[in-house]
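Here the structure comes first, spelled out in structure tokens, and everything after it is commentary.
Counting starts at 1 for both ligands and their atoms, in listed order.
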Amino acid sequence: MTGNEIRRKFLEYFERNGHKIVHSSPLLPANDPTLLFTNAGMNQFKDVFTGVEKRDYNRAVSSQKCIRAGGKHNDLDEVGKTARHHTFFEMLGNFSFGDYFKEDAIRFAWDFLVNELKLEESRLWFSVFEGDAEVPADDEARALWEKVGAKPERILGFGRKDNFWQMGDTGPCGPCSEIHYYMGEEPDNPEKNHPKWVNGEGDTTMEIWNLVFMQFERSEVEKGVFELKPLPAPSVDTGAGLERMTAVLQGVKTNYDTDLLMPIVEFSAQLSQKNES
Ligand code: GLY
């Protein structure tokens, strides 16, 4: 499948499941002084999550153009060091605004990856929030992954850095559950396809999808003092890198080798006459 076909497959899968296809919003967010660049699919829905804005749909799907080159989500320092960071990317995402919550978000993600894209289950790892002093461990997400078919030993707990998502210092946020893909050889060899690689060094595993269970809004009540309040209705925000998903499905080792980015690399090489790889 080409990258374009993967994007279309994602949008059509969620449209079949009651989601409204919404266009990508501009890279420069309108009316949001907290962000320089759009850094996630949920940005354009921020006020819908908090209940300030109402739309005539409560499920949406998009492929959002994003830049992560500063602020809370900064990929800039990783470019050139990993196979999967490039600051500008497209984020595939499905959203529920007070409609479905964890159970359906997890069921859709499993169904899309395993039944639609036919990814090998033995390459998939799942992470859940392990809890801290502010928010308890997400045992519910763990149980729901098991319910859809994930093996218990492939569901790992991580802390706030990896499994609690917020777009910036303030805004809607919540615990999240990520899906990681083993990129290496011999997926059935537990010595190689080992949990230590999930959120570990290098590119042996790659996060391909993040399911955020939006439950809270973080606001600054006075300078430097933040408060976490429940959202009017629990909601869902997900983000899957189109270029990462494409690398997995095209069986290449880096996002740059996909048909989404390689033509740009080749054209630049031609222009600069530096085409030795
Ligand atoms: N908003 C979900 C993510 O960026 O991972």
Side-chain angles (χ1 to χ4, degrees), residues 7 10-11 14 19 22 24-25 27 29 32 34-50 59-76 78 82 84-102 104-106 108-109 112-113 124-129 135 138 141 158-181 198-199 205-218 231 234-248 255:
R7 184 195 299 105
F10 186 88
L11 295 173
F14 282 100
H19 295 65
V22 177
S24 175
S25 63
L27 276 172
D32 190 343
T34 71
L35 281 180
L36 181 57
F37 296 118
T38 296
N39 67 1
M42 57 73 70
N43 293 167
Q44 65 167 314
F45 303 118
K46 189 173 152 181
D47 288 345
V48 188
F49 283 120
T50 56
R59 295 178 177 201
V61 60
S62 68
S63 184
Q64 174 67 50
K65 295 174 177 65
C66 297
I67 290 188
R68 291 190 170 181
K72 192 156 192 71
H73 298 281
N74 182 9
D75 290 345
L76 191 56
E78 303 300 326
T82 76
R84 61 186 193 276
H85 290 101
H86 30 86
T87 67
F88 171 78
F89 65 103
E90 269 184 71
M91 182 182 284
L92 303 169
N94 56 293
F95 307 92
S96 151
F97 311 116
D99 185 34
Y100 62 86
F101 196 42
K102 290 182 196 182
D104 282 335
I106 287 175
F108 283 139
F112 184 71
L113 294 176
L124 300 176
W125 291 91
F126 308 89
S127 70
V128 295
F129 185 52
V135 177
D138 198 350
F158 289 92
R160 188 160 285 255
K161 181 169 90 51
D162 297 298
N163 280 91
F164 191 92
W165 199 87
Q166 50 194 83
M167 58 175 252
D169 289 333
T170 57
C173 56
C176 59
S177 195
E178 294 177 339
I179 299 151
H180 294 249
Y181 188 85
V198 178
N199 289 324
T205 66
M206 174 164 76
E207 178 205 328
I208 53 169
W209 203 346
N210 185 18
L211 316 184
V212 185
F213 308 123
M214 289 291 189
Q215 278 170 278
F216 307 107
E217 180 178 9
R218 195 180 290 284
L231 285 180
S235 296
V236 168
D237 151 38
T238 85
L242 173 66
E243 298 79 1
R244 293 185 182 192
M245 205 72 103
T246 304
V248 162
N255 291 9

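Side-chain contact check for L231 versus M214: some heavy-atom pair is nearer than 4.5 Å.
The protein heavy-atom contact nearest to atom 1 (N) of ligand 1 is D237 OD2, 2.8 Å.
Using a cutoff of 4.0 Å between basic side-chain nitrogens and carboxylate oxygens, D32 and K46 are scored as salt-bridged.
Contact between M91 and ligand 1 is present, with at least one heavy atom of the residue lying under 4.0 Å from the ligand.
No donor-acceptor pair closer than 3.5 Å links the side chain of S235 to the backbone N or O of F97.
With a 4.0 Å heavy-atom cut-off, ligand 1 is reached by the side chain of R68 but not by its N, CA, C or O.
Those atoms of ligand 1 with a heavy atom of N210 less than 4.0 angstrom away are 3 (C), 5 (O). Less than 4.0 angstrom separates some heavy atom of V212 from each of these atoms of ligand 1: 2 (C).
Between F108 and F14, the two ring planes are perpendicular [angle over 60°; tilted spans 30° to 60°].
Ring centroids of F37 and H73 are separated by 6.0 Å or more, keeping the two rings apart.
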